[in-house]
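The structure appears right after this line, and notes come after that.
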Amino acid sequence: MNEKLFSFSVVEMILSSAYAFVHLQIESAAEEPRVLCIVQDTTNAKTVNERLTLNLPASTTVNKLYEDVAHKAGYVNGTFCLAWANTGAMAPLDQASEMSMVLSGFEAGKRNFLQLTDKGGEQPQIASDESGTADSSGLDDSSQGRFIGPLPRDGTVGCSSDYSSPSYSYSSILNKSETGYVGLVNQAMTCYLNSLLQTLFMTPEFRNALYNWEFEESEEDPVISIPYQLKRLFVLLQTSKKRAIETTDVTRSFGWDSSEAWQQHDVQELCRVMFDALEQKWKQTEQADLINQLYQGKLKDYVRCLECGYESWRIDTYLDIPLVIRPFGASQAFGNVEEALQAFIQPETLDGPNQYFCERCKKKCDARKGLRFLHFPYLLTLQLKRFDFDYTTMHRIKLNDRVTFPEELDMSPFIDVEDEKSPQTESCTDSGAENEGSCHSDQMSNDFSTDDAVDEGICLDNTSSSERVLKPKSSLTFELFSVMVHSGSAAGGHYYACIKSFSDSQWYSFNDQHVSKVSQLASVLKEYSTNAYMLMYRLKDPSRNAKFLEVEDFPEHIKRLVQREKESEEQEKRQREIERNTCKIKLFCMHPVKMMMTENKLEVHKDKTLREATEMAYKLMDLDGVVPLDCCRLVKYDEFHEYLERSYEGEEDMPMGLLLGGVKSSYMFDLLLEIRRPDQVFQPYKPGEVMVKVHVVDLKSESIAAPVSVRAYLNQTITEFKQLIAQATGLCAETMRVVLERCYNDLRLLYVPNKTLKAEGFFRSNKVFVESSDSTDHQAVFTDSVLWKLLDQHGNTIRLFVSLPEQSPGSLANRTSCPKASADSEDSFDGAKGSRKSVEAILEESTEKLKNLSLQQQQQQQQHQQQSSSTSDSQKSSEHSDVEHIESPAQEPDAASQPSQTENSTRAASDTENQFPSEERSDSDVNNDRSTSSVDSDILSSSHSSDTLCNADSGPLPLANGLDSHSITSSRRSKAHEGKKETWDTAEDDSGTDSEYDENGKSKAEAQYLYFKAEPYSQEDGSGEGQKCLLVHVDKRITLAAFKQNLEPFVGVPSTQFKVFRVYANNQEFESVRLNETLSSFSDDNKITIRLGRALKKGEYRVKVYQLLVNDPEPCKFLLDTVFAKGMTVRQSKEELLPQLKDQCKLDISIDRFRLRKKTWKNPGTVFLDYHVYEEDINISSNWEVFLEVLEEPERMKSMSQLAVLTRRWCPAQMKLEVFREVVLESSSVEELKEKVYLTALLLLQGRGTFPCDMSVLEIHQDLDWNPKVSTLNVWPLYICDDGAVIFYRDSTEELMELSEEERNELMKKESSRLLKTGHRVSYSPRKEKALKIYLDGGPTKDPGQD
């Protein structure tokens, strides 16, 4: 230990001597251990989740540590404290200590956690701009090396930046980079824009010219002025103290919306489009020719005859030079930019079939075609064409070949003057040439030079060729100053720029928000040689090379702009300061007028007192004039548990910052604005108390009162708790029974006197039921008591709104009333004597509809009518009893066994043995009964043929709490009926619906005795006069079958003759068909619609039938809804369909002249044969759809081994497609197909997309892949294994019709119109990328007719 202390004292002595410090730094700097410090700023809610990381030498003093943290955090040194984060004492480090970090307890080579805290209860002061902490000028190299960056510091609220990269946050844009340069925020995928903007900003000539342009606000809106927004952005980049600034104002001036931020474009394309936009905006100004002066060069596109030397040429301008880095067909790329430039101007020889027609020779001759640079711009832009197309894979690719580029580029070798030495060379023009005329080569040079010698960066002046060749190379030497890099693939990537500053010749990396120094130029030239995309060079010309305008040299209009932006930034800074000291917390209030809990957000400064915050909350909740202010107070509240945690008596003058525990991004609690009546006194709420909502139960009236709030302590006993409840409710504590509902329907009787509330499971917020009476019910076992049954019924009863059908045979207005002796007589209905006549009328109509059926079917129908008639009689007799509600059997067992007139004589289901005899039926009877059932369904629900079917699977219904309806119902069923037979779904119920009757014919619902009460109500929305509605209170454990049978008296028909539809959001209706399912998935105030129509039985499915019309413009046409059953054959279903097709669709066809086939979306599939059986051979499900196809001849499909394909011939000589023709193949052989279509020279093509696989006749011949070598259809590349496949075929010997341009355009218009009408796309080409556009008027003009 002494040796260790001695070694550290020696180090201290060495540090005291400057010479010794330098010597030590040279000798052992690499070996000196370093201390990693991780600092958490706890003074601000926005920075508490961020960390400042410092990697410092072990010899750094504590005082120096404070300085480094202050600089990095942006605070004034001395206004904060640093303390250890892993100790409970939180003892701050001595700021004045000169002791090294190791001697102060820091461990080298390990992570040391610190916390930055307030000093003296005051927030740290933000360092001012003049202090130099926000800029890197005051930071020496040694201190820069200590930081592992970037280390973001956030003192404000978050920003709504769309870009969600984890390394990009709004906190990083608040403090300027150590480099002194400002970054640009990536909106989402605007890195390409940021790279170009930073390059233009770092170009002195462009920036200075932009500054010299003065914006006239009277002439244009500044929001859509592109030059103004660019100038404003450049001013902010030069003067802002932020780390990064937004580019949204610039993109808004482009006319872009937020969706453009998610489109990545090519930076070279952006450069051209933006330069065009600037030229348009700068017309009639001094900057009108700025882009041309800086970036435009000229080259000559020529063709020279090799026999006579005659040359045809034109002069083109360019803003950038696109360089191919890998020639087409080559495997090796160019090694450097010079080779790519040489290849750019390398001429090609036109010979053979490519010979050039010479005007002078009057014949085709060999010629040389190429490009010559005539003039280079002042700012030379080179684009390396790294994006290419791979014709092998037919995909875009990116070339990552290494192509080096020099720091200084000599362009003099690329100006070719060879042609100007030959006196035989002449010039002629092509159309569209810039400089036109027939002239000698010298004359051409003279014309060109006089036109451009004044305003171009480099020009060929009016001197001779020899003098031009002898020009010094320095006049064409360019220096590299920007490399725009693309990292990624052809599908997408990221742009950033490496730019040289002309002020200090230092290279910087501009990567969106982050700006950093680049150590050496050699690393730039080497590292980016594989992904450099655009290079920018500037001519080395001291007479023209400009310097950046300094702030003091700004024009007056720029100074005014700087002042406005500075004021705006200061205002933003002040607003951030307010935000970082503002507490934001949820505020709740039970509004006394609206009688509902309202929610808002209370934003209060931390120095505001509780009294002031209460007044703010009072105004925020709009209580002025409703209740007095002194009747309101703020209390701590837990909204999730509805728990009042504590009140703040005597703390009205305490600051909210201390009251809430500081300024935080989120709080674990809320505030409630509590309101009292003027005659009341606020009750104090102490920490540690629990809230209990007490419901008083009256067994005589079987009612449960509204809750009374009582506060208790968890350490109170049950006896003490009863005394507390007795004081609040006035009940007798000696006879009191207390029942705790811990969770949903989990009832626990609290009977142990000395047990504490905590032991019984009390939490923050609790719900209890209390009863105090002299009845003998308390002597019974709790689960058999009346109290338990009443609470069980209360916990399971829900309220439903039921809409009855308008054409219901039974009318509420026509029912006779039967007065009750009980107290509930006011709830009874007025009813008529019966509804048999209406039911018989419907059944008589059914008889008329069935007149075309066989005699046996008619006899069965008459038998069914007689049964239904007896059903109506039974209903009539039962309607004289009270049918309003079926109560839970809360009576005593002996009383329950003796029925009386005061009891409800109707339970969940009445005895239905006489209504529905349980006779055994043969398969033929079943099928015959099914044959009439679909017609009944059509009669009773003809206006609802498009009803959808839901919940038809055999699985249990999913509920919100994650349990299925079986588990909930079985866990909540009444123990009073454990001996009763209960019906639940079993694994053998594999059909979409359940039968309403068991195997003995008895109703499954008659064993259920659950609460049901219905009463009429009027709809408030006034939707129709004849609409009848019910307000139903029902036990949710009741099955759907029992629920329907309870509704029979109100609907007027048996439960088998109406359907139940559950109404969801947006009035979407879905039929409930699983009769054994309970109503557990329903909740209070759910809506139900009742519709007439035969409900599905077990094993039945509702099916939608569509007609397939293969050669019609609309090949899929809806016909009708019908019912298919499990075990039914296809022929039996066709027999059932025949009368429906005739009556509803007016289709009179024979059974052998139509077929049923599979329907997948709009595509026809497998042909169903007559002997196929549903559920055995054909998978059928709820909401099933099937195609019906009318046949022109008897069915040819007899076996599953056959294959029915739809063929369509393409006639290229006539440019037309013939109609579809079905071909039935015995095998998958192409030879058989050739025989069937009578064509031997056959080429095949499988249809694409949705039937009818339509396409343009201009594309089908050449743009699609024909397969001439296919021998079978069921192998690659066709894979045709099922019926309904579309095959195009053509004669391989038939030539394509030649069209003139007019004929092609006319045909294109017709095809476009035809395909648009049929809903098919005109082209099958992949989706094109969105073109980059800049709108000069502020945005695109949308066609009102477009969607």
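Values below: every heavy atom of this structure, side chains too, minus hydrogens, waters and symmetry copies. Sequential numbering from 1 along the given sequence is applied to the chain's residues. Fair warning: this is a prediction, and the values are worked out from it, not measured in the lab.
- Here SG of C583 is found 9.0 Å from CG of D607. Values are rounded to the nearest 0.5 Å.
- With hydrogens and angles ignored, the 3.5 Å screen pairs no side-chain donor or acceptor of T247 with any backbone N or O of V250.
- Within the 3.5 Å criterion, the main-chain N or O of K547 finds a donor-acceptor partner in the side chain of N208.
- When all heavy atoms are compared, the tightest approach of K664 to G661 is CE-O, 3.2 Å.
- Taking OG1 of T530 as the reference point, atom CZ of R402 lies at 5.5 Å (rounded to 0.5 Å).
- Here the options are E577, E570, E572, Q571, the test is side chain to side chain donor-acceptor pair (under 3.5 Å), and the partner is R574; only Q571 passes.
- Minimum heavy-atom separation, C37 to M101: SG-CE, 3.3 Å.
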### Message
Set out, in order, the CA-CA distance, both residues' side-chain angles and the distance that settles side chain to side chain contact (heavy atoms under 4.5 Å, CB included) for L525 and F405, then state yes or no.
### Response
CA-CA 7 Å; L525 302 179; F405 44 90; 3.6 Å; yes
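- Contact of the Y537 side chain with the L480 side chain is registered, since non-hydrogen atoms from C-beta on lie closer than 4.5 Å.
- Between L82 and L116 there is a side-chain heavy-atom pair separated by less than 4.5 Å.
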### CA sep, side-chain torsions, deciding dist, call: L197, L184, side chain to side chain contact (heavy atoms under 4.5 Å, CB included)
CA-CA 9 Å; L197 291 177; L184 294 174; 3.9 Å; yes
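- The backbone N or O of F201 sits less than 3.5 Å from a side-chain atom of R207, completing a donor-acceptor pair.
- The aromatic rings of H486 and Y533 sit tilted, their planes meeting at an angle between 30° and 60°.
- Of all heavy-atom pairs spanning I499 and M202, the tightest one is CG2-CB, 3.5 Å.
- Ion pairing of E639 with K586 is absent here, as no side-chain N (NZ or NE/NH1/NH2) approaches a carboxylate O to less than 4.0 Å.
- With a 4.5 Å cut-off on side-chain heavy atoms, L587 and L634 count as touching.
- Contact detail for Y508 and V515: the closest heavy-atom pair is CB-CG1, 4.4 Å.
- Under the 3.5 Å distance criterion, the side-chain polar atoms of N112 are matched with a main-chain donor or acceptor of L36.
- In this structure a side-chain-to-backbone donor-acceptor pair under 3.5 Å is present from H557 to Y211.
- Side-chain contact between N186 and N194 is present, with at least one heavy-atom pair separated by less than 4.5 Å.
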### Task
Give the intermediate values and the outcome of side chain to side chain contact (heavy atoms under 4.5 Å, CB included) for residues Y181 and L237.
CA-CA 7 Å; Y181 289 100; L237 287 173; over 6 Å; no
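- In this structure, S501 OG and K517 NZ are separated by 10.5 Å, a value rounded to the nearest 0.5 Å.
- No salt bridge links E569 with K566; every basic N to acidic carboxylate O contact stays at or beyond 4.0 Å.
- Nearest heavy-atom pair, F106 versus L65, reported as atom, atom and distance to 0.1 Å: CZ-CD2, 3.7 Å.
- Looking at Q187 and T251, their side chains do bring a donor and an acceptor atom within 3.5 Å of each other.
- Atom NZ of K559 is surrounded by more than 12 heavy atoms from other residues, nucleotides or ligands within 6.0 Å.
- Expressed to the nearest 0.5 Å, how far CG of L535 lies from CZ of F481 amounts to 10.5 Å.
- E246 places no side-chain N or O within donor-acceptor distance of the main-chain N or O of V185, the cut-off being under 3.5 Å.
- The side-chain contact (heavy atoms from CB on, under 4.5 Å) test with V69 singles out one residue from L114, L54, N77, D41, and that residue is L54.
- For F669, the ring-ring contact (aromatic ring centres under 6.0 Å, His included) criterion is met by Y667, not counting sequence neighbours.
- Looking only at distances, a side-chain donor or acceptor of Q198 sits under 3.5 Å from a matching main-chain atom of V182.
- A donor-acceptor distance shorter than 3.5 angstrom exists from the side chain of T79 to the backbone of V76, with no hydrogens or angles considered.
- Using modelled atom types, one side-chain atom of Q238 and one backbone atom of L549 make a donor-acceptor pair closer than 3.5 Å.
- One finds the CE atom of M534 at 9.5 Å from the OH atom of Y495 (value rounded to the nearest 0.5 Å).
- Between V663 and R580 there is no side-chain heavy-atom pair separated by less than 4.5 Å.
- F510 places none of its side-chain heavy atoms less than 4.5 Å from the side chain of S482.
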### Query
Please walk me through it: do K606 and M656 pass side chain to side chain contact (heavy atoms under 4.5 Å, CB included)?
CA-CA 5 Å; K606 67 174 185 177; M656 292 297 292; 5.9 Å; no
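- With respect to E579 and K584, a salt bridge is recorded, a charged nitrogen being found less than 4.0 Å from a carboxylate O.
- Using a 4.5 Å heavy-atom cutoff, the side chains of L659 and T609 are not in contact.
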### Message
Checking T117 against Q115 for the side chain to side chain donor-acceptor pair (under 3.5 Å) test, could you report, in this order, the C-alpha distance in whole Å, the side-chain angles of both residues, the deciding distance, and whether it holds?
### Response
CA-CA 6 Å; T117 62; Q115 286 188 351; over 6 Å; no
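- Note on ring orientation: taking the six-membered ring where Trp is involved, the planes of F548 and F502 are tilted (angle from 30° to 60°).
- Residues D68 and H71 form no side-chain contact, since every pair of their non-hydrogen atoms from C-beta on lies 4.5 Å or further apart.
- What you find for A497 and S195 is that their closest heavy atoms are N-OG, 3.9 Å.
- Q506 places a side-chain N or O within 3.5 Å of a backbone atom of V518 that can act as its donor or acceptor partner.
- Atom-to-atom distance recorded for Q125:CD and F80:CZ is 11.5 Å, nearest 0.5 angstrom.
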